[in-house]
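As the structure is a computational prediction, the values presented were derived from the model and not from experiment.
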Number of protein chains: 2
Amino acid sequence: MCAFKLLVFGALLLTDIACNGWLFEHFGEKYRETDDVSLWPLPQKYQTNPTTFKLSASSFQIFHAKDSSAGPSCSLLQNAFRRYFSYIFDHVKKHGTKEDKVSDSELTELQVQITSTDPECDGYPSLKTDESYQLSVDQPTAVLKASNVWGALRGLETFSQLVYEDNYGAITINKTDVSDFPRFAHRGILLDTSRHFLPLKVILANLEAMAMNKFNVFHWHIVDDSSFPFMSRTFPDLSQSGAYHPYTHVYTPADVKMVIEFARMRGIRVIAEFDTPGHTQSWGRGQPGLLTTCYSGSTPSGTFGPVNPSLNSTYEFMTRFFNEISTVFPDAYIHLGGDEVDFSCWKSNPDIQKFMEQQGFGQDYSKLESYYIQRLLDIVKATNKGYMVWQEVFDNGVKLKADTVVEVWMNNEVEQELLNVTGAGFNTILSAPWYLDYISYGQDWQKYYKLKADTQIHVWKEKPDYKNEMAQITAAGFHALLSTPWYLNRISYGQDWQGIYKADPQSFNGTAEQKKLVIGGEACLWGEFVDATNLTPRLWPRASAVAERLWSDENVKDISSAYTRLVKHRCRMLRRGIPAEPLFVGYCPHEYNGL
Amino acid sequence: MCAFKLLVFGALLLTDIACNGWLFEHFGEKYRETDDVSLWPLPQKYQTNPTTFKLSASSFQIFHAKDSSAGPSCSLLQNAFRRYFSYIFDHVKKHGTKEDKVSDSELTELQVQITSTDPECDGYPSLKTDESYQLSVDQPTAVLKASNVWGALRGLETFSQLVYEDNYGAITINKTDVSDFPRFAHRGILLDTSRHFLPLKVILANLEAMAMNKFNVFHWHIVDDSSFPFMSRTFPDLSQSGAYHPYTHVYTPADVKMVIEFARMRGIRVIAEFDTPGHTQSWGRGQPGLLTTCYSGSTPSGTFGPVNPSLNSTYEFMTRFFNEISTVFPDAYIHLGGDEVDFSCWKSNPDIQKFMEQQGFGQDYSKLESYYIQRLLDIVKATNKGYMVWQEVFDNGVKLKADTVVEVWMNNEVEQELLNVTGAGFNTILSAPWYLDYISYGQDWQKYYKLKADTQIHVWKEKPDYKNEMAQITAAGFHALLSTPWYLNRISYGQDWQGIYKADPQSFNGTAEQKKLVIGGEACLWGEFVDATNLTPRLWPRASAVAERLWSDENVKDISSAYTRLVKHRCRMLRRGIPAEPLFVGYCPHEYNGL
């Protein structure tokens, strides 16, 4: 047996072992890793070799290759060089003086070569960004090639993951070749800053963790019913009255800029979601007249419903508001929400009833919803932005632009089952197996389905139906994005990362063309039960399971190999200051230092 | 309506409102609190009044009453005065100079009066400690009376909880009378430092949080199968070989001393658990010959089972070991574990088989287990310590000392159900309602029941059977301690604190005499899935629900009142540096500053 593991215990053993060829093979075949290396997400192609090189903090350099289109003026890369240099050497206490003579087995530099004419140093990543890279680690120089800075960022992360300490604490790397690219273009994390306010520090730390996992989209669910922390220059009253607190619980324009720039430096798009016409209670506080007045009989009840779709003033407001949003957020897409619109308030309002009549909608309030969404889409289209929407917008037959991204979050079969069961008047029990537990005990459940507090719903089917939804959306030619199995706010006791890891966005019945329309997925951490106290450990390393599913080859799915690598990856995140929670019993050589 | 809430918005409104008598009544009746005050756990008797006093950081003092048996030499109290002064004034930025003239509505001092001859300044709390106190807040002096320092600590916590900032930021307290005592004498938290090592900092922070919730027992499950972080002077090899790392992942004698003293200063007992004969894999690494050699057929399999009960050397080791433990931990009780002994290894070993024959145990290995436990109890008894054990020890009919505390953690009915169902060869589904979900998905489940990985167990009964166990233990005259509904390592989506809050240790069929034998309960946070990254927010404020159940009157059980108070209590914990997670949507004026 060619025991590579022995090698890292001491170079003296090298001669005792006859190792020929590569120890690590392509993902499709079995491979082994040293105890000290753990790549996450696993690269598409990856070969390493027992030959090791040492890295010295006093002599090692990351710099621009001579023939690179990027140079020292590319601050994005300069920042990344500094960041990854720190990750590699931060724990090294004493730096020796630089020696004149390079030792035989030293790796002295990583050359980064950007091959496109435009390295995109000052640009923003997009859905079409090429994130591929090639990395070759050999003496005395490692070379990282990418067509632009975005691929270089991914390659730098991989390079830093290849470095480890040998048994004597020496910084070591193996001769390695990597050729890598993402399986999906859209690999996102949704954070919700409405139900609980998240301090900037927490958002930035999680962007940092996203980069460690090669995520490239921060879906910022920035406002919702509970609060409106986004400070609008056009409508400052929205946060003045709608935030939990107008000074301590808001994101100023400068804050938002910082998040966007911090994300850009890490190759992460920021897609803001301004969800309407539902989920807008907090909007109403600073924008009187925007929401529908609910009626109790013939008099206003004092409560408000969704945005009022019958008034011209609504569309004037939305035009001005989204004009601002389209300039604040540079990404080509805005997420417009469109989920969970409750019709009861609309139904109660005599003006809305009249409007329904005028428009010939009869009693079909989904037509009113579609009418609103259609006008909103036209408004946003005029800003030259693309849009993302939750699946209901598609389900309701709204006419969408060809490049619309539809995000699937519901599990229709479960929902249908619930409606059937409860419609028949039965109490049932929810057993919530791996995939289906997004409907669970507690208030969240009551909110979505308006059931009695003591209702018990038993749903047991093991094959969730988000697959049908993915099939339908892509059959209609739209881009689809999967979230259903990745509602990470849902928790259950045990190793739930395994179910998260197994879900696959392309595992539905459809043609190759349809599969191509699946642009990726998002791990969603809704904010009902998380804030700065518990968000980061709840998200990591569970979201890392999604990261590998969205980056690596579809055949990378062995749970026990994933477990071994993920345990080490989480220890690496700890060492880099991210309090990622443990997968199971065990320890990290360097435990988390915070509380 | 006597709107007390208005008062705190400005003293000018005072004259507009006709308020007579107490606003806040005893627990049995409805009461209201100001928006700014929130007592947790709720005192037994508590009356407050609209009259408010201000506290100034520059003039307010906590000191010993003239007729107190404790004075400035009582460092436990001096420390507590400093701690609570900080909690009350820490956020105040500018301290004014002390004024000569005391304003009309100022509270200038809290006098602490210890009434017993021996204040117990240098003692340790015990199961019999009187923790009652009386607190009277009136101008110009508040008086806290307790028979000893332990009651004074509880009263200081209550006093600090009564203080709030008015709308102008002024530190305020209402005229108040409190007469308080705990419902149960044993109110514990179990932390597990074996499955994951917990840095000292994390343990100390959680002791601090325990004091904020009037918990008085730290059940330190210090070693287990996974690792042996306790550094023994007598047997240093136990941690040298059994810890995850012999230097970075151990508790030195100095560490243990610090934990005990830090806990003592907060009125918290430290009860160490050294669980045998099962759960001892890590012991075997540093103490060869202690564990049973498992056999595969007629040859040793290379694995080890529980402690070998057939050898004299085992009892010699235990005698020396527990002699050390009895001096290291000053508490009158040691927890001896005794849970989950797996007989398969014993059965495989020919020496054990021979011993069984010699002792006339037949094939009944529970007799062998009892034999071991009996000898261990005798060893510990000789050190003059009392002992606590898990319920199996009682269930197996081991002869126990009259003062033994039996801890109930299993839900026999569920377990029986599982055995019945799986014994019949059926796959079943576990739906895990509120109380029953201690058996859940994941490896934990497999560990306990040795089922196939894909087994699904459906258990649905709503009345757990720990009540029978409590009835049996107390009918036999033993002290019982409840943990079953408080395995806080189990998690589920939503507001699971409600189920935790509703459970009651005395709600079983039994006589008044039996009920008196219930000494309390423990919230257990087993370590499979928690470490420094996520322990504190997972424990708090869920453990706070247990705290109120164990301290307050049994009639304090209204969920919506508890919700309102607990939300504020968790914000207070945040402000004091404890990252307690949110109960639901909302915010705290001062959010957590960490990550």
Region of B/E591 in contact with chain A, defined by heavy-atom distances below 4.5 Å = side chain
Got a salt bridge between B/E165 and B/R572, using NZ or NE/NH1/NH2 to carboxylate O under 4.0 Å?
-> no
For chain B, find which of A/D531, A/V202, A/T248 contributes the most heavy-atom pairs closer than 4.5 angstrom.
-> A/D531
Among B/G527, B/G594, B/A205, B/P199, the residue with the most heavy-atom pairs under 4.5 Å to chain A is B/G594
Which answer fits B/P582, side chain, backbone, both or neither, if we ask what part of it has an atom under 4.5 Å from a heavy atom of chain A?
-> both
Minimum-distance pair of heavy atoms, taken over all atoms of B/A523 and B/A543 = CB-CB, 4.4 Å
Checked B/A580, B/A532, B/G586, B/S194 vs chain A; the most non-hydrogen pairs under 4.5 Å come from B/G586
Any chance the rings of A/F584 and A/Y563 have centres within less than 6.0 Å?
-> no
Side-chain ion pair, A/E208 and A/K201, N-O less than 4.0 Å | no
B/R570 with B/E581: basic N within carboxylate O range, under 4.0 Å = no
Chain A contact via B/N206 - which portion, at a heavy-atom distance below 4.5 Å = neither
Nearest heavy-atom pair of A/V250 and A/H245: which atoms, and what distance?
-> CG1-O, 3.5 Å
Atom group of B/L574 that falls short of 4.5 Å from chain A, counting heavy atoms = side chain
